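Comments concern the structure below.
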Amino acid sequence: MATLLKHSAKYALSGRLARLGVHSRHGGLQCLQPRLLPHQRSASTSSKILVEMDDSTGIAVLTMKNPPVNSLSLDFLTEFSISLEKLELDRGCRGVILTSALPKIFSAGLDIMEMYGKSPEHCGEFWKAVQEMWLRLYGSSMITIAAINGSSPAGGCLMALACDYRIMAENPKYSIGLNETQLGIVAPFWFKDTLVNTVGNRAAELSLQLGLLYSAPDALRTGLVDLLVPEDKVLSTASQTMTQWLAIPGENAIGSNPRVSSS
Ligand SMILES: CCCCC/C=C\C/C=C\CCC/C=C/C(=O)SCCNC(=O)CCNC(=O)[C@H](O)C(C)(C)COP(=O)(O)OP(=O)(O)OC[C@H]1O[C@@H](n2cnc3c(N)ncnc32)[C@H](O)[C@@H]1OP(=O)(O)O
């Protein structure tokens, strides 16, 4: 269902993404190298996002660098969506690893200052940017892996949930979850749907109603993340996992998902 929704988002909700989806980027078996060789790398950077592309593997690492906590401000979200759109347009790019440059934090979620004392126009623009981020990530035709190297509450958790696979640092101090209820807000339905599609109905009900933030081990038990690894192995494991996913021929890494074929 998650993948079905990904495709719905891609084909129904965004015309530009729908056009992009016509082209398969998952064709053919390839022997991919997990390590980036200097001469095969290209990097582009905006003030809040670093994108490093390895042309030999088709894997890009998108690193969030918006200190102090990678909060999702309007500027950040705009840069994020532009960066992802550029990768989507790059037919050589087949997989994106999303991670953080900041110690201890993946993303603190929506920037609280964007929602306080702002004009209705600004709030509308901000909210649209939040939705655009989710649509681009969840509807991406690339394989997306979240390399969660720190805490990730609320909107930060949504970002990770919108990826195909989640690898988290096994540091018990890090937490992740859609904890909006604890903040006095109700998580929007598409936050809820993204969570349900990942952990199932009952776990999502408990998680949302109680506004649970899970430690890394609890996040693994609940299915909120797929794998825990030592902190210094998060990125290399993401790279190896991506290589495995990209070795699946055709679009089968997406299309053979049992949740799709049973729908
Ligand atoms: C009017 C609405 C607009 C339209 C929208 C319409 C509808 C919206 C309806 C619903 C929206 C629901 C969806 C909401 C999703 C969200 O994501 S809401 C945001 C939730 N996030 C949080 O509450 C995170 C709070 N932060 C923390 O838990 C911690 O800061 C931490 C991320 C775990 C990091 O802890 P630590 O390392 O100890 O760092 P500090 O707490 O000291 O923080 C450092 C500085 O960073 C600032 N900060 C933290 N989080 C945010 C944030 N989310 N936005 C902006 N700024 C943040 C913090 O204030 C510190 O700043 P100073 O150093 O004090 O200046």
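These figures come from a predicted structure and were not determined experimentally. In listed order, ligands and their atoms are each counted from 1. These numbers come from the heavy atoms of this one structure, side chains and all, not from hydrogens, waters or symmetry mates.
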| message | Any heavy-atom pair between the side chains of Leu77 and Asp111 that's under 4.5 Å? | response | no

| note | So the ring-ring contact (aromatic ring centres under 6.0 Å, His included) pairs with at least one residue in residues 148-187 (sequence neighbours excluded) are Tyr165-Trp245

| task | Mark yes when over 12 heavy atoms from residues, nucleotides or ligands other than Met113 sit less than 6.0 Å from its CE; otherwise mark no. | result | no

| task | Treat each ILVMFWY residue as a node, draw an edge where side-chain heavy atoms are under 4.5 Å apart, and state whether Leu102 and Ile148 are in one component. | result | no

| request: Collect the protein residues that have a non-hydrogen atom under 4.0 Å from ligand 1 and hand them over in chain and number order. | output: Pro68, Val69, Ser71, Ile105, Ala108, Gly109, Leu110, Asp111, Ile112, Met115, Cys123, Trp127, Pro153, Ala154, Gly155, Glu180, Leu183, Ile185, Pro188, Phe191

| request: Quick one: pull up CZ in Arg166 and OG in Ser152 and give me the separation to the nearest 0.5 Å. | output: 10.5 Å

| said: Closer than 4.0 angstrom, basic N to acidic O: yes or no for Glu132 and Arg136? | reply: yes

